[in-house]
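This report refers to the structure that appears directly beneath it.
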Amino acid sequence: MLSTEKREAIIAYVASQMSQKRFEHTLRVEQMAVYLAEKYAVDVTLCQYAALLHDVAKEWTMAQYEQVVGMFKLNPELMQFGSEICHGPVGAMATLEWYDHHESVKQAIMQHTIGAVEMDAVAKVLFVADYIEVGRTFDGVEQARLLAEKSLDLAIRYKLKQTITFLAKKGTVIYPETVHAYNSWVNKKLGEDDWKKVKKY
Ligand code: GDP
Ligand code: FE
Ligand code: FE
């Protein structure tokens, strides 16, 4: 668990960077991340760092994104896809000090919007917690929650599939890494026991 002091310092900073609505989402993601971390024996503190900081950059300006992309030599192509794609990598690099440079936290925040071919346990917890936190109400969220009770991997595959479908239906440009992550997870051999228990995915 994060110490109360550290947690409150992070919370005050995060709250100063975003709307009340997004801040409340952030706290719900933390709550779900702690639940999943305990359930799947993942480091709770690292999951809290990742959850609390994951959307820190979501409301930043393009000028702020540009600055961080330049400073940390992130792929400039990120900028063309707007804040939806930028806010993970930018937030991860800009807040290194807040989470003591933990590599897992950095990767988790970087990957939280589009996923990745290889994700470690902290990244998996954040990716799923962001999707199923108790305030989410979209079609399919109940199925996602059911899957998350059985296996993080099943929930991740479901999220990637739903997200790609949703973006394609809207006619949104899909970031190549999103397609890449989707392709690899669709082909992944996941725990068959878990898989068989789930009738419909
Ligand atoms: P949030 O920050 O808590 O709202 O959640 P996310 O970081 O997961 O997602 C931000 C938005 O990016 C969501 O609306 C996703 O559907 C969207 N998104 C995910 N992948 C892509 C992509 O490849 N391209 C675009 N344009 N949007 C995407
Ligand atoms: Fe996000
Ligand atoms: Fe989020």
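Numbering of ligands and ligand atoms starts at 1, following listing order. These values consider heavy atoms only, across backbone and side chains, with no hydrogens, waters or symmetry-generated copies.
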Mind checking whether W185 and D153 have side chains closer than 4.5 Å, heavy atoms only? yes
Is it true that atom CG of N75 has more than 12 heavy atoms of other residues, nucleotides or ligands lying nearer than 6.0 Å? yes
Going through the checks in order, is the side-chain contact (heavy atoms from CB on, under 4.5 Å) test met by F127 and M119? CA-CA 9 Å; F127 196 64; M119 297 168 85; 3.6 Å; yes
Does Y49 use its side chain to pair, donor to acceptor, with the backbone of V44 at less than 3.5 Å? no
Q17 side chain to V56 main-chain N or O, any donor-acceptor pair under 3.5 Å? no
Any sub-3.5 Å donor-acceptor pair from Q162's side-chain atoms to K159's backbone N or O? no
Output, by chain and residue number, all protein N/O/S atoms separated from the Fe ion (ligand 3) by less than 2.8 Å. H25 NE2, H54 NE2, D55 OD2, D130 OD1
Hey, what polar pairs (N/O, under 3.5 Å) does ligand 1 make with protein?
residue	atom	partner	partner atom	Å
ligand 1	2 (O)	D55	OD1	3.0
ligand 1	2 (O)	D55	OD2	3.3
ligand 1	2 (O)	K58	NZ	2.8
ligand 1	2 (O)	H87	NE2	3.2
ligand 1	3 (O)	H25	NE2	3.1
ligand 1	3 (O)	D55	OD2	3.0
ligand 1	3 (O)	D130	OD1	3.3
ligand 1	3 (O)	R136	NH2	3.1
ligand 1	4 (O)	K58	NZ	2.8
ligand 1	7 (O)	H87	NE2	3.1
ligand 1	7 (O)	H112	NE2	3.0
ligand 1	7 (O)	T113	OG1	2.8
ligand 1	23 (O)	Y175	N	2.9
ligand 1	23 (O)	T178	OG1	2.7
ligand 1	24 (N)	V173	O	3.2
ligand 1	26 (N)	V173	O	3.3

Close side-chain approach of Y40 and V125, heavy atoms under 4.5 Å: no
H180 side chain to E177 backbone, donor-acceptor under 3.5 Å: no
Is there a donor-acceptor contact under 3.5 Å linking the side chains of S19 and E59? yes
